[in-house]
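One-based numbering, in listed order, for ligands and for the atoms of each.
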Amino acid sequence: MGIINLTPDSFSDGGVIAGPAAAAERACRMAAEGADWLDVGGESTRPGSSPAPEAEELARVLPAIAAVRARCALPLSIDTRKPSVARAAMAAGATMWNDVGALGGHGALETAAELGCHVVLMHMQGEPATMQDQPRYENVVGEVIAFLDQRAQAAMAAGVARERIWVDPGIGFGKTLAHNLALLCGLGEIAALGFPLVFGASRKGMIRTIDASAGEPGDRLGGSIALALQAARAGVAMVRVHDVRETVQALKVQAALA
Ligand code: HH2
């Protein structure tokens with residue numbers, strides 16, 4: 001899954017994709033590089049970020065989705081916590097709702113059921129503004145599994161079809177390095193819930209915590225690929241990445257070695 005951020009403030013690529021034409025250009029490139037899905041986002045959820053106003057988020061993502069749709073046939077996901085944005089994105093051609101809030105927002109479950117789209121339910125402890133202040137768990141893998149299970153059950157009870165549900169442990173969302181590493185080791189247990197797993201660690205801060213020389217997010221390609229390969233070995237169905245070409249190449253080589 002290739003990331004297309006239309007945000008001025010995303011942690012790694014804020015402001016890089018400046019509008020619909022640039023989004024379509026990036027989408028075509030990612031399609032040629034081997035992406036299977038594209039995830040369009042108009043609100044940063046990096047640690048310390050503030051929510052984007054709805055009108056702003058819509059103005060960022062809708063023209064971009066239309067421009068991407070016009071040039072590229074790949075299925076599109078919308079990365080949003082707002083039901084209104086998800087609804088508008090589906091009307092514009094997206095077919096997946098990637099919600100870092102796991103459909104916890106007001107009316108989100110009902111909207112997802114009504115839209116009939118794929119949903120990604122992601123685990124986050126706290127809110128982006130403060131989630132990295134002091135993340136705490138007794139048993140991070142167990143707590144993430146219990147949360148994802150509860151959200152999947154709630155989605156199904158609201159009418160979301162089981163086969164449309166994906167789950168994601170939410171690397172870096174209210175987690176220390178130790179928590180993230182424990183989740184990587186626990187991916188097999190999370191997969192045992194029976195839903196396909198999405199995994200996103202591309203360019204994230206855990207790589208800098210391991211390698212202090214990787215201060216800039218753009219300097220974290222090696223770590224991003226190492227994490228994507230480990231996730232794929234553990235059975236993850238989809239890795240969410242900024243660097244599609246390099247990740248696809250690494251995954252192909254790993255598959256050939258198996
Ligand atoms: N990570 C980010 C955003 N959305 N969605 C899922 N399902 N899983 C993730 O790990 C995930 C996500 C954060 O990364 P990015 O979009 O690059 O940054 P920002 O939130 O600053 O726009």
## Note on the structure
One finds that the ligand 1 atoms under 4.0 Å from a non-hydrogen atom of H242 are 17 (O)
### Nearest-neighbour protein heavy atom for atom 21 (O) of ligand 1, which is reported as residue plus atom name and distance
S44 OG, 2.7 Å
## Note on the structure
heavy-atom search around atom 6 (C) of ligand 1 in the protein gives D168 OD2, 3.2 Å
### Task
Output the list of atoms in ligand 1 that are nearer than 4.0 Å to some heavy atom of V100, sorted by atom number.
4 (N), 5 (N), 12 (C)
### Query
What atoms in ligand 1 come closer than 4.0 Å to a heavy atom of V120?
7 (N)
### Task
Going by heavy-atom distance to atom 10 (O) of ligand 1, choose the closest among M122, R240, K204.
K204
### Task
With V85 as reference, evaluate M90, E57, E43 under the side-chain contact (heavy atoms from CB on, under 4.5 Å) test and give the passing residue.
E57
### Message
Quick check on R69: does its CZ atom have over 12 non-hydrogen neighbours (other residues, nucleotides or ligands) under 6.0 Å away?
### Response
yes
### Gap separating the CE atom of M96 from the CG atom of D79, nearest 0.5 angstrom
11.0 Å
### Query
So does E56 pair up with R60, basic N to acidic O under 4.0 Å?
yes
### Query
Can you find an N or O of G200 that's nearer than 3.5 Å to an N or O of ligand 1?
yes
### Query
Can you tell me the protein heavy atom closest to atom 22 (O) of ligand 1 and the distance?
S10 OG, 2.4 Å
### Task
Among all protein heavy atoms, pick out the one at the shortest distance from atom 5 (N) of ligand 1; state its residue, atom name and that distance to 0.1 Å.
N98 ND2, 3.1 Å
### Query
Taking the six-membered ring of F195, is NZ or CZ of R162 closer than 6.0 Å to its centre and within 45° of its axis?
yes
### Message
With a sphere of 6.0 Å drawn around CZ of R136, does it hold more than 12 non-hydrogen atoms of other residues, nucleotides or ligands?
### Response
no
### Query
Would you call F173 a ligand 1 contact, heavy-atom distance under 4.0 Å?
yes
### Closest approach of any protein heavy atom to atom 4 (N) of ligand 1, naming residue and atom
D79 OD2, 2.9 Å
### Query
Under a 4.5 Å cut-off applied to non-hydrogen side-chain atoms, are V167 and L197 in contact?
yes
### Task
Give the residue, atom name and distance (to 0.1 Å) of the protein heavy atom nearest atom 20 (O) of ligand 1.
T45 N, 2.8 Å
### Query
Hey, what's the ring geometry for H123 with F147, parallel, tilted or perpendicular (30° and 60° as the breaks)?
perpendicular
